[in-house]
Amino acid sequence: MVRRILAGARRHLKPGGILVVEVGDSAERLEAAFPEVPFLWLDFERGGGGVFLLTAPQLADLAAVAEEA
């Protein structure tokens, strides 16, 4: 599902937009599948993890990569 989100998100974001996605325990597998993606992993005051942020420009740069995967 995250592959589809990465491939299509740029079509739904404004130029200054951001994408925030929770992947939970699959964060390591996601990073292994997309080593070229500059995931910004968010930290939360009360714990939790597996949530990343990407900007619209980053998604535009990665569109071809995500569509090939």
Side-chain angles (χ1 to χ4, degrees):
M1 186 58 152
V2 175
R3 292 175 193 270
R4 288 175 46 194
I5 291 170
L6 289 174
R10 69 186 170 96
R11 295 188 300 268
H12 300 283
L13 291 177
K14 294 184 179 187
I18 62 169
L19 172 71
V20 178
V21 178
E22 180 180 2
V23 296
D25 293 335
S26 64
E28 286 184 28
R29 289 189 305 270
L30 183 65
E31 284 188 314
F34 295 100
E36 68 285 348
V37 176
F39 295 108
L40 172 61
W41 296 99
L42 304 178
D43 293 320
F44 297 95
E45 183 178 320
R46 296 180 189 243
V51 178
F52 69 82
L53 179 146
L54 291 171
T55 65
Q58 289 171 322
L59 289 164
D61 291 343
L62 300 170
V65 173
E67 289 169 357
E68 292 173 2

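Residue pairs meeting the ring-ring contact (aromatic ring centres under 6.0 Å, His included) criterion with at least one partner in residues 7-26, sequence neighbours excluded, do not occur; the list is empty.
With rounding to the nearest 0.5 angstrom, the CG atom of Leu40 is 9.5 Å from the CD1 atom of Ile18.
When all heavy atoms of Arg10 and Ala7 are compared, the pair lying nearest together is NE-O, 4.2 Å. Nearest heavy atoms, Pro15 versus Pro57: O-CD, 3.8 Å.
Cluster membership check: Met1 shares its hydrophobic cluster with Leu19, using side-chain heavy-atom separations under 4.5 Å among Ile, Leu, Val, Met, Phe, Trp and Tyr. Both Trp41 and Leu59 are assigned to one and the same hydrophobic cluster, defined by single-linkage of ILVMFWY side chains at heavy-atom distances under 4.5 Å.
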Validation: residues 43-56 side-chain donor-acceptor distances under 3.5 Å, sequence neighbours left out:
| unit_1 | atom_1 | unit_2 | atom_2 | d |
| --- | --- | --- | --- | --- |
| Thr55 | OG1 | Gln58 | N | 3.3 |
| Thr55 | OG1 | Gln58 | OE1 | 3.2 |

